[in-house]
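These values consider heavy atoms only, across backbone and side chains, with no hydrogens, waters or symmetry-generated copies. Counting starts at 1 for both ligands and their atoms, following the listed order. Here the structure is a predicted model, which means the values were calculated and not measured.
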Amino acid sequence: MPERTPYIAANWKMNKTVAEAAEFVDALLPRIAATQSDVVICPSFLALSEVVERRRGTAVKVAAQNMHEEASGAFTGEVSAPMLAELDVEAVILGHSERRQSFGETDEALARKVPAALAAGLEPILCVGESEEARDGGETEEVLERQLQTDLAGLESGQLAEVVIAYEPIWAIGTGRTATAEQAQHACAFIRDVLRMRGASADAVRILYGGSMKPPNAADLLSNPDVDGGLVGGASLDPVEFAGIVEAAG
Ligand code: PGA
């Protein structure tokens, strides 16, 4: 089985001004200098350039939190993949549950966004995850499979390994309720199986867990064979806490 490099991403959501982003990067870089993991910072659109410039010469990558599927056009307020690539942004979060729930992001739009990101040279970090109701109803696998099949429908099987998947159970996001290590492992292994059935080199795909990951629970979650990293919200806002999670990943 190929070794998968751990992948730890900081999803700042709608937090941090440009000045605060700069301060964070300056505080983080010396703390993670020894890491072998991929470390990715996902600031607001406005702070992307500042973070890109501050991390130059380091291995830290920068991701946007969303993008439009078209390259340009009459879409007031939107940002496209080529615009992000021009800034030397390397990746983009797609399909975060907050975008699905609050901004009407659909699986059909994601089926167009994922290939559009790859076409522009951006690494998609595709988020999938079930609601509390779906988990309680025993429908977790059904929801995950439906999201993956639809969202990745626009890709050839050979492209699937270029996508990072984040398993983010909605009931664990920002709630302080973390999935158990067993729940995270089970869901991430299931996601890998779905990708394998879709013809992907599934052993090469990085699959992350997201939902109240913090320094005290990170090592436990990340020790699972199919959990290759984390998409971290609240605990990514503090450089010391985030560095603690990077350290737990090795
Ligand atoms: P959280 O957010 O770590 O604050 O739960 C994770 C996410 O939404 O990506």
If you count the atoms of ligand 1 from 1 in the order shown, which ones are under 4.0 Å from a heavy atom of [X]?
X      : value
His96  : 7 (C), 8 (O), 9 (O)
Ala172 : 5 (O)
Gly174 : 1 (P), 4 (O), 5 (O)
Ser212 : 1 (P), 3 (O), 5 (O)
Gly211 : 5 (O)

Is any side-chain heavy atom of [X] closer than 4.5 Å to a side-chain heavy atom of [Y]?
X      : Y      : value
Tyr167 : Ile191 : yes
Val163 : Val205 : no
Ile165 : Leu148 : yes

Test of proximity, Ile173 against ligand 1: N or O pairs below 3.5 Å
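N/O-N/O distance below 3.5 Å does not exist for this pair.
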
How far is [atom] from its nearest protein heavy atom, and which residue and atom name does that atom have?
atom                   : value
atom 4 (O) of ligand 1 : Gly234 N, 2.8 Å
atom 3 (O) of ligand 1 : Gly233 N, 2.9 Å
atom 9 (O) of ligand 1 : Glu168 OE2, 2.7 Å
atom 2 (O) of ligand 1 : Lys13 NZ, 3.2 Å

Does any donor atom in the side chain of His96 or Glu168 lie under 3.5 Å from an acceptor atom in the other side chain?
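A donor-acceptor contact under 3.5 Å links the two side chains.
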
Quick one: look at Asn11 and ligand 1, take heavy-atom pairs under 4.0 Å, and tell me if it's side chain, backbone, both or neither.
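Side chain only.
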
Residue portion contacting ligand 1 (non-hydrogen atoms closer than 4.0 Å) for Ser236:
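It is neither; nothing of Ser236 touches ligand 1.
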
Side chain to side chain contact (heavy atoms under 4.5 Å, CB included) assessment of Met67 paired with Val79
CA-CA 5 Å; Met67 54 165 245; Val79 167; 5.5 Å; no

Phe24 vs Trp12 aromatic rings, parallel, tilted or perpendicular, using cut-offs 30° and 60°?
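Rings of Phe24 and Trp12: perpendicular, over 60°.
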
Sub-4.0 Å heavy-atom approach of Lys214 to ligand 1
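No; Lys214 lies far enough from ligand 1 that no heavy-atom distance drops under 4.0 Å.
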
Evaluate the side chain to side chain contact (heavy atoms under 4.5 Å, CB included) criterion for residues Leu110 and Thr150: first the C-alpha distance (whole Å), next the side-chain angles of each, then the deciding distance (0.1 Å), finally the verdict.
CA-CA 8 Å; Leu110 288 164; Thr150 315; over 6 Å; no

Pair Thr178, Asn217 - check side chain to side chain donor-acceptor pair (under 3.5 Å), show working.
CA-CA 8 Å; Thr178 316; Asn217 61 31; 3.2 Å; yes

Step by step, would you call Leu28 with Phe242 a side chain to side chain contact (heavy atoms under 4.5 Å, CB included)?
CA-CA 8 Å; Leu28 179 72; Phe242 185 61; 3.8 Å; yes

